[in-house]
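FYI, side chains are in, hydrogens and waters are out, and symmetry mates aren't considered; it's all heavy atoms of this structure. Model, not experiment: these values are computed from the prediction.
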Amino acid sequence: MNAPAELLSAANAHAKYFTPYQSSFCLNSSLDPSKVAGKILVCLHPEDSFESRISKSQIVEAAGGLGIILIDEIGQNLAIPFMIPGAIVDNKVGAKLLAYINTTRFPGAYILPAETVFGLRPAPQVLAFSSKGPNTLTPDILKPDLTAPGLNILAAWSPVKKGMHFNLASGTSMACPHVSGIAALIKAAHPSWTPSAIKSALMTTANVLDKNKKIMTAAPRGRTANPFGFGAGLLNPMKVENPGLVYDAGPKDYINFLCGVGYDNSSLRRVTGDHSVCTKFRTTASNLNYPSISISKFDGNSSVVRTVTNVGSTNSTYIVRVSPPRGISVQVVPSVLKFNFYGQKISFTVQFKRVIQTRGYVFGSLSWVNGRQRVRIPLVVGCFAS
């Protein structure tokens, strides 16, 4: 924009049959062109909404607006290709902007081209719109598994619409290809590895620290994140090919898991496609050989078993390192694992005991270290029992 334009709250531009509240969200047909023409409109975007931000700019443009400022706590970091000059601000800045409009006789503003600013905030960071735990279906399996780049990714785009061949996109649809591509590289390097072994390599080598060597934070407020935000951590492609140890699981493990969470023979066979049956031996979800440990209903004393497979050096020794969840004592038996050949499996028990009364979810980690590799898994304990 070459000159300032009048700034107007969309709530003050409502068309006939629309309330100020409705027009504040710049809904279709909610704006009066006689009020909007030649102005920059300040519009709201509801949280947890799937409304198109681009469409809002199209609605403002159709009403004669010169620009749009969207108050959007969740989408403030998104690169949106608005149809007219536009910007996204968080709720705090938005409140100041509306106060300025309401207390100034002729409020005005510029919308200038974007500039790249380096080192402005910690990176990586868990995005506000990223799906968070706990796992509502099976709380004793931690979700998400891990996090990967998914913000403003330059990606191939279908040319069917407007002849675009590339676009900036965000979300799981962008993070997933990063993980899938690296999983394919692992499979190429280790053709015999199972999907569970590949997932383990991805998770146990992930990184939970940002560029400042501090635990990753979560947008929009910059609070310290936890495994419900980043899972095992940020995907680290430089380490996945040689994780040292893997937490492997096969069809029988998952059959026992499904039976343990309540599947009967009929529902089990719909999943397996064969004649599998539930036996008397049924494992709990916490005991599935998963590269994380989650106990959603901790009663003060609980133990789980994990098995690791050596995929590193023939003769190697790993020592356990534990960062216990707050108020919980964690004991690992054995505390040292000695491997004599590739593919050797060793099981260990993790004992959790309450030492200080606490409430809510608490987080920690368990790592096997041999001087070259650190095989790390997150620990999640839900303390809700009375």
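One hydrophobic cluster, built from ILVMFWY side chains closer than 4.5 Å, cannot hold both Val305 and Val336; they sit in different ones. When hydrophobic clusters are built by joining Ile, Leu, Val, Met, Phe, Trp and Tyr residues whose side-chain heavy atoms come closer than 4.5 Å, directly or via intermediates, Val322 is grouped together with Tyr247. Both Val362 and Phe352 are members of a single hydrophobic cluster when ILVMFWY side chains are connected at heavy-atom separations under 4.5 Å. Hydrophobic clustering places Ile71 together with Ile111 (ILVMFWY residues linked when any side-chain heavy atoms are closer than 4.5 Å, directly or through intermediates). Cluster annotation: Phe363 and Ile215 are assigned to distinct hydrophobic clusters (Ile/Leu/Val/Met/Phe/Trp/Tyr, side-chain heavy-atom contacts under 4.5 Å, transitive).
Panel note: side chain Thr194, backbone Ala197; a donor-acceptor pair is recorded below 3.5 Å. When atom types are taken as modelled, the side chain of Asn152 and the backbone of Ala79 share a donor-acceptor pair closer than 3.5 angstrom. When atom types are taken as modelled, the side chain of Asn212 and the backbone of Lys214 share no donor-acceptor pair closer than 3.5 angstrom. Judged purely by atom type and a 3.5 angstrom limit, Ser23 uses its side chain to pair as donor or acceptor with the backbone of Ala10. Checking side-chain atoms of Ser130 against main-chain N and O of Leu127 turns up no donor-acceptor pair under 3.5 Å. Looking only at distances, no side-chain donor or acceptor of Gln351 sits under 3.5 Å from a matching main-chain atom of Ser303. Remark: side-chain polar atoms of Lys56 are not paired, donor with acceptor, to backbone N or O of Leu70 under 3.5 angstrom. For Asn102 (side chain) and Ala99 (main-chain N/O), no donor-acceptor pair under 3.5 Å exists by modelled atom type. Without hydrogens or angle criteria, Thr104 side chain to Tyr100 main chain gives a donor-acceptor distance under 3.5 Å. At least one donor-acceptor pair under 3.5 Å links the side chain of Ser286 to the backbone N or O of Ser294.
Across every non-hydrogen atom of Ser292 and Arg306, the tightest pair is O-NH2, 2.7 Å. Across all their heavy atoms, Val208 and Ala232 have their closest contact at CG1-O, 3.4 Å. Contact record, Pro291 with Pro378: O-CD, 3.7 Å, taken as the closest heavy-atom pair. Counting all heavy atoms, side chain and backbone alike, Leu31 lies closest to Ile59 at CD1-CG2, 4.0 Å.
Expressed to the nearest 0.5 Å, how far OG1 of Thr279 lies from NZ of Lys252 amounts to 10.0 Å. Between the CG atom in Asn315 and the OH atom in Tyr342 there is a gap of 14.5 Å [rounded to 0.5 Å]. Annotation: the span from Leu185 atom CG to Ser180 atom OG amounts to 11.0 Å, rounded to 0.5 Å. Interatomic distance, OG of Ser367 versus CZ of Arg374, reported as 5.0 Å (0.5 Å rounding). In this structure, CD in Gln58 is found 11.0 Å from CZ in Phe82, a value given to the nearest 0.5 Å. Note that CZ of Arg270 is 14.0 Å distant from OG of Ser276, once rounded to the nearest 0.5 Å.
Between Leu142 and Asn135, the closest side-chain pair of non-hydrogen atoms is not below 4.5 Å. Val60 places a side-chain heavy atom less than 4.5 Å from the side chain of Cys43. Using a 4.5 Å heavy-atom cutoff, the side chains of Leu8 and Val42 are not in contact. Looking only at side-chain heavy atoms (C-beta outward), Ile80 and Ile54 come within less than 4.5 Å of each other. A 4.5 Å side-chain heavy-atom check between Ile328 and Cys383 finds at least one atom pair inside the cut-off.
A donor atom on one side chain and an acceptor atom on the other are found under 3.5 Å apart for Thr284 and Asn287. Checked by atom type, the side-chain pair Gln373/Asn242 shows a donor-acceptor distance below 3.5 Å. Side-chain contact check for Lys345 and Thr307: no donor-acceptor pair (N or O, by modelled atom type) lies under 3.5 Å. The closest side-chain donor-acceptor pair between Ser313 and Ser316, if any, does not fall under 3.5 angstrom. A donor and an acceptor atom, one from each side chain of Asp248 and Ser196, are nowhere located under 3.5 Å apart. Side-chain N/O atoms of Ser30 and Gln22 include no donor and acceptor closer than 3.5 Å. Counted by atom type alone, Arg376 and Thr204 present zero donor-acceptor pairs between their side chains at under 3.5 Å. Side-chain atoms of Ser266 and Asp264 include no donor-acceptor pair closer than 3.5 Å. No side-chain donor-acceptor contact under 3.5 Å links Gln344 and Asn310. With 3.5 Å as the limit, one finds a donor-acceptor pair spanning the side chains of Lys199 and Tyr290.
Lys143 and Asp145 are joined by a salt bridge, as a carboxylate oxygen and a charged side-chain nitrogen come within less than 4.0 angstrom of each other. The pair Asp274-Arg269 does not meet the salt-bridge criterion, since no charged nitrogen lies less than 4.0 angstrom from a carboxylate oxygen.
Using a 30° and 60° split on the angle between ring planes, Tyr254 and Phe257 fall in the perpendicular class, above 60°. Ring geometry for Tyr21 versus Phe25: interplanar angle over 60°, hence perpendicular rather than tilted (30 to 60°).
Checked against a 6.0 Å centroid threshold, the rings of Phe298 and Phe384 do not count as neighbours. Checked against the 6.0 Å centroid threshold, Tyr361 and Phe228 count as a close aromatic pair.
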Show, in sequence, the C-alpha distance, side-chain angles and deciding distance for Ile255 and Thr272, and conclude whether the side chain to side chain contact (heavy atoms under 4.5 Å, CB included) test is met. CA-CA 8 Å; Ile255 287 173; Thr272 63; 4.1 Å; yes
Decide side chain to side chain contact (heavy atoms under 4.5 Å, CB included) for Tyr263 and Val271; before the verdict, give the C-alpha distance in whole Å, the side-chain angles of both, and the deciding distance to 0.1 Å. CA-CA 10 Å; Tyr263 278 58; Val271 175; 3.8 Å; yes
